[in-house]
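The next block holds one structure in the form of structure tokens; read it before the comments.
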Amino acid sequence: MSLFYYKGGRLYCESVSVESVADTIGTPVYLYSRETLKSSFAEYQEAFSEVPHLIAYAMKANANTAILQLFAHEGGGADIVSEGELYAAMKAGVEPQKIVFAGVGKRQPEMAAALKAGILMFNVESKQELDVLNAVAGRLGVKAPVALRVNPDVNPKTHHYISTGLKKSKFGIAMEGALSQYQKAARLPHIRVVGIHSHIGSQLTQVKPFIDALTRISHLIGKLKAMGLPISHWDIGGGLGITYNEETPPKITDLAAAISPLLKKIGCTVILEPGRSLVGNAGILVTRVIYTKETTEKRFVVVDAGMNDLIRPSLYEAYHDIVPVTKRRRRRSYVVDVVGPVCESGDFLAKERALPSIQPDELLAVKSAGAYGFAMASCYNSRPRPAEVMASGAKYTVIRERESIEDLIRLERMPTF
Ligand SMILES: *Cc1c(COP(=O)(O)O)cnc(C)c1O
């Protein structure tokens with residue numbers, strides 16, 4: 001059951017009226033349900049309770065430290081991709097031994113910071129990276145715990161921008177070369193091989209690509225173990241999809257039921273890296289209508305949230321359900337484009353969408369905006385990034401202040417020449 005629901009024609013998040021948040025905090029504003037976050041995390045914990053496991057939240061989906069802290073309290077770790085994420089995760093109380101570090105472009109200072117912090121493992125994505133990590137660890141007099149990110153060459157059947165496990169992908173190393181890379185890693189003096197990693201893509205709505213990828217990886221683990229390599233951690237990545245519109249992704253429990261036999265057989269500690277499926281449907285973006293506008297061709301609803309606040313529609317042609325915060329009776333339906341104030345034709349939240357007749361000043365909720373929403377927001381067009389609010393029961397609190405216009409130029413300097 002969703003904790004975003006109507007009561008008396010008004011939209012609520014838990015027991016908080018969305019309108020009251022918008023009136024007090026202003027718009028645009030991201031609004032998250034704490035209970036939804038908690039229960040999706042609990043669902044993962046429960047679903048995989050039969051195998052030793054770690055839920056390493058892919059924090060790029062939503063890096064707010066209040067959300068990280070919530071998951072950390074529930075026993076979660078973090079999947080990081082930068083030193084900035086390492087810093088935020090540690091500040092939020094994520095234990096270093098529950099942090100895994102992915103990414104094709106890790107720089108030496110980032111590696112050093114993660115080694116000093118004592119993270120669980122680096123998910124290494126290339127031969128060069130392995131050598132550099134070995135050197136950095138050597139300088140620090142430590143051994144770097146390593147998993148190689150292997151590219152299982154499975155088509156995840158998702159948008160090509162978020163498909164990451166095909167041969168032509170920039171991520172990971174090829175299946176074919178994996179054995180020799182592992183042998184090489186095992187010989188490096190400052191590398192300690194601990195695991196294997198794969199992540200095939202995002203917004204996956206079928207179980208089969210997961211199974212195909214994991215089956216391939218399991219064969220590889222068998223060979224690695226036969227070679228005497230200590231593969232104790234099997235990081236199976238993230239990518240489980242959510243319902244934005246009419247998608248029917250597997251439930252977390254269905255995914256677990258489908259892959260658990262494979263995981264149990266191998267007997268490693270399993271690491272999961274869910275991002276979207278933990279936070280996506282726990283958040284909405286609340287926006288106020290500025291104008292409605294009619295041309296000979298089209299009807300537009302101009303709102304105060306733009307592509308800088310939520311870029312998914314522009315970037316991936318992603319669908320987000322949009323609903324009025326206050327329902328009114330007897331409204332005719334019109335097909336409209338919901339657009340933001342940014343000076344780009346690509347600035348839209350919805351195209352050709354049937355919505356009840358919308359009035360200036362009314363509030364709209366853009367749903368399923370908890371993942372890759374604020375995290376991808378920018379200040380384009382010198383628009384301060386929105387506030388983030390967390391609701392819990394009848395209470396709510398700001399978990400990130402709205403940026404000010406002063407913030408926009410705070411780091412800028414006039415040249416003296
Ligand atoms: C993005 C990413 C994830 C999370 O993907 P979701 O689709 O949000 O679950 C997990 N692991 C890696 C390596 C990623 O790049």
Side-chain angles (χ1 to χ4, degrees), residues 37 40-41 43-44 47-48 53-64 67-68 71 76-82 85-86 89 98-106 114 119-126 129 146-152 154 156-166 169-173 195-207 209-210 213-214 217 233-244 247 249-252 255-256 259 270-283 312 315-316 318 368-376:
L37 293 165
S40 54
F41 192 88
E43 208 178 321
Y44 264 104
F48 287 91
H53 70 277
L54 167 67
I55 316 281
Y57 168 52
M59 60 180 282
K60 72 174 196 264
N62 186 326
N64 189 294
I67 292 177
L68 290 170
F71 292 151
D79 165 31
I80 63 165
V81 293
S82 68
E85 288 196 344
L86 174 66
K98 293 182 176 175
I99 295 178
V100 295
F101 191 173
V104 294
K106 299 181 197 79
I119 66 165
L120 178 60
M121 65 188 196
F122 292 83
N123 292 334
V124 170
E125 308 221 13
S126 69
E129 184 192 334
V146 157
L148 294 187
R149 177 169 181 175
V150 177
N151 197 328
V154 165
K157 308 230 164 59
T158 183
H159 191 283
H160 60 282
Y161 280 14
I162 48 178
S163 162
T164 55
L166 285 169
S169 159
K170 73 169 177 177
F171 298 102
I173 60 171
I196 190 161
H197 174 230
S198 66
H199 170 73
I200 56 173
S202 200
Q203 185 53 16
L204 273 59
T205 54
Q206 297 169 26
V207 167
F210 282 108
L214 297 181
I217 300 280
H233 290 76
W234 185 4
D235 185 339
I236 66 171
L240 181 61
I242 62 169
T243 301
Y244 286 99
E247 306 91 336
K251 287 201 206 53
I252 294 162
L255 176 69
I259 64 177
V270 174
I271 302 171
L272 296 116
E273 302 175 338
R276 189 190 313 270
S277 52
L278 282 176
V279 294
N281 277 326
R312 298 192 67 260
L315 187 60
Y316 312 123
S368 311
Y372 307 105
F374 186 90
M376 290 177 115

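Side chains included, hydrogens not; waters and symmetry mates left out as well; all remaining heavy atoms used. Both counts, for ligands and for their atoms, begin at 1 and track the order of listing.
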Is there a nitrogen or oxygen of [X] sitting under 3.5 Å from a nitrogen or oxygen of ligand 1?
X      : value
Pro274 : no
Glu273 : yes
Lys60  : yes
Gly239 : yes
Arg276 : yes

Donor-acceptor contact present, side-chain [X] to main-chain [Y], <3.5 Å:
X      : Y      : result
His197 : Asn123 : no
Arg312 : Tyr372 : no
Glu125 : Ile173 : no

Exercise. Any idea how Tyr57 and Phe71 line up, ring-wise: parallel (<30°), tilted (30 to 60°), or perpendicular (>60°)?
Worked result: perpendicular
For this session: For ligand 1, indicate whether the residue Leu204 contacts it via side chain, backbone, both or neither (heavy-atom separation under 4.0 Å).
Result: neither
Exercise. Given that the side chain starts at C-beta and the backbone is N, CA, C, O, which of these parts of Tyr372 lies under 4.0 Å from ligand 1, counting heavy atoms, or is it both or neither?
Worked result: side chain
For this session: Look up atom CD1 in Ile236 and atom CD in Glu273, then write down how far apart they are to the nearest 0.5 Å.
Result: 9.0 Å
For this session: Would you kindly check if the NZ (Lys) or CZ (Arg) of Lys106 is within the cone defined by 45 degrees around the ring axis of Phe101 and under 6.0 Å from the six-membered ring centre?
Result: yes
Exercise. Does the side chain of Asp79 reach to within under 4.5 Å of the side chain of Asp235, using non-hydrogen atoms?
Worked result: no
For this session: Identify, for atom 4 (C) of ligand 1, the protein heavy atom at the shortest distance, and state residue, atom and that distance.
Result: Ala58 CB, 3.3 Å
Problem set entry | Nearest non-hydrogen protein atom, atom 7 (O) of ligand 1 | Ser202 OG, 2.3 Å
Problem set entry | Atoms in ligand 1 flagged as close to Asp79, the criterion being non-hydrogen separation under 4.0 Å | 10 (C), 11 (N), 12 (C), 13 (C)
Exercise. Is the shortest distance from a heavy atom of Ala371 to ligand 1 less than 4.0 Å?
Worked result: no
Exercise. Of the non-hydrogen atoms in Ala63 and Leu68, which two are nearest, and what is the gap between them?
Worked result: O-CD1, 3.7 Å
